[in-house]
2 protein chains.
Amino acid sequence: MKSTKSKPCEAWQLLVKFFFTQRADLPTLASEFELSPAQCHVLHLIEPDRPIPMGRLAEALACDASNVTGLIDRLESRGLVRRRPSADDRRVKSLELTPAGVRLRSTVLERITKPPDSLGRLSADEQRALVKILKRLLD
Amino acid sequence: MKSTKSKPCEAWQLLVKFFFTQRADLPTLASEFELSPAQCHVLHLIEPDRPIPMGRLAEALACDASNVTGLIDRLESRGLVRRRPSADDRRVKSLELTPAGVRLRSTVLERITKPPDSLGRLSADEQRALVKILKRLLD
DNA sequence: CATCAATAGTTGACAATATCAACTATATGC
DNA sequence: GCATATAGTTGATATTGTCAACTATTGATG
């Protein structure tokens with residue numbers, strides 16, 4: 001059965017499996033900072049010194065504008081994010097991180113971007129090969 | 001900046017990026033079948049002809065038993081899943097797929113396990129290398 | 001056998017997330 | 001100036017998830 005499975009199928013399933021093995025604890029990690037996974041995602045998308053309009057955030061999150069209102073309400077109430085009116089268009093609210101938000105973002109991202117130990121245990125050749133392949137996949 | 005990033009870090013970030021590129025549409029895919037991502041996950045975990053107790057499902061989902069009650073209630077109300085009392089322990093409810101659940105599961109998994117086109121565009125060597133590396137990562 | 005502690009699943013309260021519809025203020029096009 | 005489109009908000013609703021409390025059942029112990 002497994003011998004007849006195509007390589008792309010096999011690779012994809014292994015990749016999915018690996019990813020979920022590593023990601024199973026994202027909610028736990030997020031809750032360390034009293035954040036939900038979605039809130040971590042939002043903090044990631046709002047870059048320091050790069051305000052983003054609410055609508056752009058909704059696009060990036062691929063969700064409804066009203067949902068973003070709630071997400072931002074809660075982060076704003078925690079002093080992590082600020083709404084700012086846009087100078088160009090009075091309908092638009094721009095979102096920026098507060099200094100506290102910048103600090104928390106940095107801490108959270110440091111944790112989230114930490115590679116799994118298993119990646120460090122690959123040989124240098126394997127690591128290089130993996131990076132090369134992944135770059136090609138993203139082209 | 002990028003030149004000083006460790007290979008494991010680089011690989012992890014590329015991998016995460018690739019994964020989310022492919023997975024951004026899981027909610028959309030699930031909604032084609034009028035399922036939520038969580039419900040898809042449940043259907044995946046309940047294998048045909050392999051009843052699983054509620055508690056085992058909660059473990060596999062890494063969530064609270066009461067949450068599983070709700071998830072199964074809704075799938076049961078759609079005729080996709082059945083609760084069955086266990087012969088060994090009267091506290092235990094075993095979950096099995098209905099014939100309709102089996103069919104839907106098969107359809108959904110076929111879609112979910114379909115590898116991205118980009119994987120098929122790698123060379124045979126690259127695919128083999130990727131599979132080999134992923135297997136090592138999962139050891 | 002009786003008692004007590006542990007367990008499986010359910011109920012209920014609550015918060016967060018997400019969709020959809022309707023709304024108001026604002027911008028754009030004619 | 002008017003009609004249409006747009007940004008964000010409000011509100012209703014469903015789903016998911018945690019936590020606490022509960023009932024029925026099981027297992028361990030004396």
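Hydrogens, waters and symmetry mates play no part in the numbers below; they use all other heavy atoms, side chains included. Proteins come first, then strands; the chains are lettered A, B, ... in the order of their sequence lines, and each starts at number 1.
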Whole-Å distance, B:Arg78 CZ to D:dA14 P, equals 15 Å
For atom CZ of A:Arg56 and atom P of D:dG8, their distance in whole Å: 11 Å
B:Lys93 side chain, from C-beta outward: closest of D:dG8, C:dA18, C:dT10: C:dT10
Could you state the interatomic distance from CZ (A:Arg128) to CD1 (A:Ile133), rounded to the nearest 0.5 Å? 12.5 Å
The answer to which of A:Pro37 and B:Ser66 contacts DNA chain C further toward the 5' end, by nearest nucleotide, is B:Ser66
Could you tell me the separation between the CG atom of A:Leu57 and the P atom of C:dA18, rounded to a whole number of Å? 11 Å
For A:Phe19 and B:Phe19, take the angle between the two ring planes, folded into 0 to 90°, and tell me which bin it lands in: parallel under 30, tilted 30 to 60, perpendicular over 60. parallel
Less than 3.5 Å apart, any donor N or O on the side chain of B:Asp125 or B:Ser123 sitting next to an acceptor on the other? no
Are more than 12 heavy atoms from other residues, nucleotides or ligands located less than 6.0 Å from atom CZ of B:Arg50? no
Whole-Å distance, A:Glu34 CD to C:dA15 P, equals 15 Å
Classify the nucleic acid contact of B:Ala65 as base, sugar-phosphate or nothing, counting any heavy atom under 4.0 Å across all strands shown. base
Nearest-Å distance for atom pair CD/C1', residues B:Glu59 and C:dG9: 14 Å
Look at the side chain of B:Gln39 and decide which nucleotide, out of D:dT18, D:dT16, D:dG11, has an atom nearest to it. D:dT16
Indicate whether OP1 or OP2 belonging to C:dT17 is found under 4.0 Å from a side-chain N or O atom of A:Ser36. yes
Touch check for A:Gly70, heavy atoms < 4.0 angstrom, all strands: base, sugar-phosphate only, or nothing? nothing
Look at all strands and tell whether A:Arg83 reaches a base, only sugar-phosphate, or nothing, counting heavy atoms closer than 4.0 Å. sugar-phosphate
With the side chain defined as heavy atoms from C-beta on, B:Met54 is closest, among C:dG9, C:dA18, D:dG8, to C:dG9
Side chain of B:Asp89 only, heavy atoms from C-beta on: which candidate in D:dT26, D:dT10, C:dA16 is closest? D:dT26
If you measure from the Lys or Arg side-chain nitrogens to the Asp or Glu carboxylate oxygens, is any gap between B:Glu76 and B:Arg82 under 4.0 Å? no
Whole angstroms only, please: what is the CZ-P distance between B:Arg74 and D:dA14? 11 Å
Compare the minimum distances between each of C:dT19, C:dT11, C:dA8 and the side chain of B:Thr69, then state the nucleotide with the smallest one. C:dT11
For the pair made of CG in A:Asp64 and P in D:dG11, what is the distance, rounded to whole Å? 16 Å
Grab the two heavy atoms, one from B:Gln127 and one from A:Pro8, that are nearest each other, plus how far apart they are. OE1-CD, 3.5 Å
For B:Arg78, does the CZ atom have more than 12 heavy-atom neighbours from other residues, nucleotides or ligands under 6.0 Å away? yes
What do you reckon, is CD of A:Glu32 surrounded by more than 12 foreign heavy atoms closer than 6.0 Å? yes
Show me the protein contacts with nucleotides 22-25 of chain C, counting only N or O atoms at under 3.5 Å.
none

In whole Å, I'd like the distance from the CG atom of A:Asn67 to the P atom of D:dT9. 12 Å
